[in-house]
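Proteins come first, then strands; the chains are lettered A, B, ... in the order of their sequence lines, and each starts at number 1. The figures that follow rest on heavy atoms only: side chains count, while hydrogens, waters and symmetry mates do not.
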2 protein chains.
Amino acid sequence: MGSLTEENYIKSIYALSEATGEVYVSELAKKLDVKLPSVNSMVKRLATKKLVAYAPYKGIKLTEKGKKEALAIIRKHRLAELFLVKVMGLGWEEVHDIAEQLEHVNSSRFYERIDELLNRPKFDPHGEPIPDSNGKIYNQQRTSLIDLEEGLTATITAVTEDEKSFLDHLNAKGLQIGDSVTIMKREMFDGSITLQHKSKKEILLTHQVAERIWVEVTVTRS
Amino acid sequence: MGSLTEENYIKSIYALSEATGEVYVSELAKKLDVKLPSVNSMVKRLATKKLVAYAPYKGIKLTEKGKKEALAIIRKHRLAELFLVKVMGLGWEEVHDIAEQLEHVNSSRFYERIDELLNRPKFDPHGEPIPDSNGKIYNQQRTSLIDLEEGLTATITAVTEDEKSFLDHLNAKGLQIGDSVTIMKREMFDGSITLQHKSKKEILLTHQVAERIWVEVTVTRS
DNA sequence: ATAATATGTTAGATGACTCTAATATTTTAA
DNA sequence: TTAAAATATTAGAGTCATCTAACATATTAT
Ligand SMILES: [Mn+2]
Ligand SMILES: [Mn+2]
Ligand SMILES: [Mn+2]
Ligand SMILES: [Mn+2]
């Protein structure tokens with residue numbers, strides 16, 4: 001295991017490569033909120049340790065070893081989040097920041113026990129898959145709310161955003177993982193969407209919010 | 001809050017001052033397993049931050065501010081240990097090392113929740129008192145097993161040693177916090193002690209082990 | 001093909017924390 | 001009261017992780 005800083009670099013490289021394919025030094029700098037030369041020297045160090053392969057202007061790629069480390073950290077992060085919600089009774093909007101710290105705890109006993117208590121869970125409180133202890137990740141097929149036709153009914157499976165303000169927003173709207181929603185109206189003008197919710201209420205979501213909500217279609221046009 | 005390193009210095013200074021009164025740079029170096037000059041410069045830094053008062057050859061003293069920080073860390077450590085035992089089902093011999101990491105987690109929510117779940121506990125799994133959120137600590141009067149006369153019966157209230165090997169040793173002997181024991185024999189020659197235990201077994205403890213076990217006398221000589 | 005833009009590097013410095021080697025001061029004991 | 005022992009300090013250097021300022025290279029758009 002590397003230092004805390006190293007772990008955060010590895011994790012960010014993994015996240016960016018999932019999101020955008022190529023990972024540039026400059027992108028990483030923005031994500032980690034450090035300056036370019038800092039990233040430049042750290043990437044060199046990671047390359048020396050065979051955690052990444054780096055070709056200037058071509059991007060940074062995690063090696064197998066690096067990927068394995070990233071997945072181990074993500075596993076710990078997501079197990080921690082679920083534990084905080086299920087066992088400790090915290091809200092899904094307040095666990096990410098704590099998990100950012102707990103993911104660096106070095107104790108197989110601790111995480112083995114969490115995994116056991118939660119009965120080898122497959123998803124975190126935000127619907128993100130939890131890699132198993134070998135780093136294997138179950139990748140669901142994902143459809144965003146913004147891609148659904150009017151009239152369709154779907155179940156919310158995940159949200160791709162950990163930020164408290166976003167989750168507070170969903171809480172205020174009364175939306176949760178597992179909720180069933182029907183698309184009532186898609187606005188051409190601003191991309192906003194009106195949903196019919198199990199609570200019987202109609203909910204309006206902006207494009208910006210809807211695109212971060214992932215669903216599985218359960219009922220096709222009636 | 002200071003850095004992780006700073007927190008560990010503060011905690012060690014507190015522990016040493018409880019144990020031996022005066023805390024010398026040299027003692028601290030031994031405890032933290034770093035060299036003298038490292039401690040020397042860190043102590044200067046802590047003094048600049050008004051966390052300690054330092055007079056060479058006279059010892060290091062925590063200021064009120066430093067004491068408060070130490071107690072906050074100790075509180076987190078002990079809450080974590082108890083949580084790991086009571087909620088997560090780990091053994092008292094394996095929680096210290098994990099708590100050494102969890103004590104640095106910065107989240108009042110996390111610790112507030114642990115405190116609540118455990119119902120504002122007063123003692124950790126080793127019988128050590130847990131400071132309250134104001135840093136107030138309930139200091140029990142302590143009698144060591146080695147100070148009991150033959151024939152007395154007492155209850156084990158605490159052990160002053162977190163090391164796994166020591167606690168493994170007690171586990172092997174079948175001794176736990178709360179157990180009632182009667183002093184059968186005190187050996188003059190080597191200071192060892194023979195106990196009658198609730199399990200009906202006789203248990204022999206060396207002086208080295210017995211002196212780390214604290215008790216409350218429940219039955220005086222019959 | 002040149003200019004503009006995106007992307008990356010080098011040099012040199014800083015702060016936190018650590019080390020070794022050499023030296024200094026204070027306390028205590030003979 | 002001098003020597004020995006305990007305690008502490010300074011000087012100088014190294015690693016990790018960061019920064020600013022200046023410069024360099026590659027990609028792309030005109
Ligand atoms: Mn998260
Ligand atoms: Mn999550
Ligand atoms: Mn402990
Ligand atoms: Mn303890």
Side-chain angles (χ1 to χ4, degrees), chain A residues 1-17 19-62 66 69-70 73 100-101 103-104 106, chain B residues 1-13 15-17 19-62 65-66 69-70 73 100-101 103-104 106:
Chain A
M1 266 208 338
S3 66
L4 189 149
T5 312
E6 223 177 88
E7 292 193 350
N8 284 333
Y9 271 83
I10 293 291
K11 194 170 52 124
S12 290
I13 294 168
Y14 183 93
L16 286 175
S17 70
T20 68
E22 300 305 323
V23 182
Y24 297 108
V25 171
S26 47
E27 263 185 289
L28 194 47
K30 199 188 290 176
K31 171 122 180 165
L32 290 166
D33 196 27
V34 293
K35 303 300 177 182
L36 271 175
S38 307
V39 174
N40 188 260
S41 55
M42 179 55 101
V43 167
K44 281 180 189 168
R45 234 179 293 159
L46 295 175
T48 307
K49 294 190 174 188
K50 307 280 186 198
L51 290 163
V52 306
Y54 177 49
Y57 307 95
K58 302 288 166 173
I60 306 160
K61 281 203 166 51
L62 288 175
E69 223 194 87
I73 302 165
E100 286 287 315
Q101 300 180 62
E103 75 191 5
H104 302 290
N106 176 15
Chain B
M1 268 210 338
S3 67
L4 189 149
T5 312
E6 220 178 271
E7 291 193 351
N8 284 332
Y9 271 83
I10 293 290
K11 193 171 52 125
S12 290
I13 293 167
L16 286 175
S17 71
T20 68
E22 300 305 323
V23 182
Y24 298 107
V25 172
S26 48
E27 263 186 289
L28 193 47
K30 199 189 289 176
K31 170 122 179 165
L32 290 165
D33 197 27
V34 293
K35 304 299 177 183
L36 270 176
S38 307
V39 174
N40 188 258
S41 55
M42 178 56 102
V43 166
K44 282 181 190 167
R45 271 207 296 273
L46 294 176
T48 306
K49 294 190 173 188
K50 308 278 187 199
L51 290 163
V52 305
Y54 177 49
Y57 308 95
K58 303 288 167 173
I60 306 159
K61 281 203 165 51
L62 289 174
K65 186 179 165 199
E69 224 195 86
I73 302 166
E100 286 287 315
Q101 299 180 63
E103 74 191 6
H104 303 290
N106 176 15

Residue Lys35(B), side-chain atoms from C-beta onward, closest of dA11(C), dT20(C), dT18(C): dT20(C)
Of the listed nucleotides dT18(C), dG8(C), dC19(C), the one nearest the side chain of Tyr9(B): dT18(C)
Positive for side chain to side chain contact (heavy atoms under 4.5 Å, CB included) with Tyr9(A), one of Leu51(A), Ile60(A), Val34(A): Val34(A)
Lys49(B) with Glu69(B): basic N within carboxylate O range, under 4.0 Å: no
Rounded distance (Å) that lies between atom C1' of dT7(C) and atom CD of Glu27(A): 11 Å
Short side-chain N/O contact from Thr5(A) to OP1 or OP2 of dA17(D), under 4.0 Å: yes
Asn8(A) CG to dT18(D) C1', straight-line distance once rounded to whole Å: 14 Å
Spacing between Leu32(B) atom CG and dC19(C) atom C1', to the nearest angstrom: 15 Å
Interatomic distance, Lys30(B) NZ vs dT7(D) P [rounded to whole Å]: 9 Å
Side chains of Glu22(A) and Leu16(A) in contact at under 4.5 Å (non-hydrogen atoms): no
Side-chain N,O (Lys58(A)) to OP1/OP2 (dT27(D)) below 4.0 Å: yes
Options dT7(D), dC19(C), dT18(D), nucleotide nearest the side-chain atoms of Val34(B): dC19(C)
Protein-nucleotide distance (Leu4(A), atom CG; dT18(D), atom P), rounded to Å: 10 Å
Single hit among Lys31(B), Lys30(B), Glu27(B), Glu7(B) for side chain to side chain contact (heavy atoms under 4.5 Å, CB included) with Ser12(B): Lys31(B)
Ser41(B) side-chain proximity, nearest of dT25(C), dA17(D), dT18(C): dT18(C)
Candidates dC17(C), dG8(C), dA11(D) - which lies nearest the side chain of Met42(B): dC17(C)
Proximal nucleotide (of dT20(C), dT7(D), dT10(C)) relative to the Tyr57(B) side chain: dT7(D)
Chi angles and distances behind the salt bridge (Lys or Arg N to Asp or Glu O under 4.0 Å) call for Lys11(A), Glu100(A): CA-CA 11 Å; Lys11(A) 194 170 52 124; Glu100(A) 286 287 315; 3.0 Å; yes
Whole angstrom value for the distance that separates P of dC17(C) from CG of Leu28(B): 14 Å
Any side-chain heavy-atom pair of Leu32(A) and Met42(A) under 4.5 Å: no
Under-4.0 Å side-chain N/O to phosphate OP1/OP2 contact, Ser3(A) with dA17(D): yes
Distance test, side-chain N/O of Lys44(B) to OP1/OP2 of dA8(D), below 4.0 Å: no
Distance in angstrom units between Tyr24(A) OH and dA6(C) C1', rounded: 10 Å
N/O (side chain, Ser38(A)) to phosphate O (OP1/OP2, dC19(D)) under 4.0 Å: yes
Phosphate OP1/OP2 of dA16(C): any Arg45(B) side-chain N/O under 4.0 Å: no
Atom-to-atom span, CG of Asp33(A) to C1' of dC19(D) - whole angstrom: 13 Å
Residue whose nearest DNA chain D nucleotide is more 5′ - Ala55(B) or Leu36(A): Ala55(B)
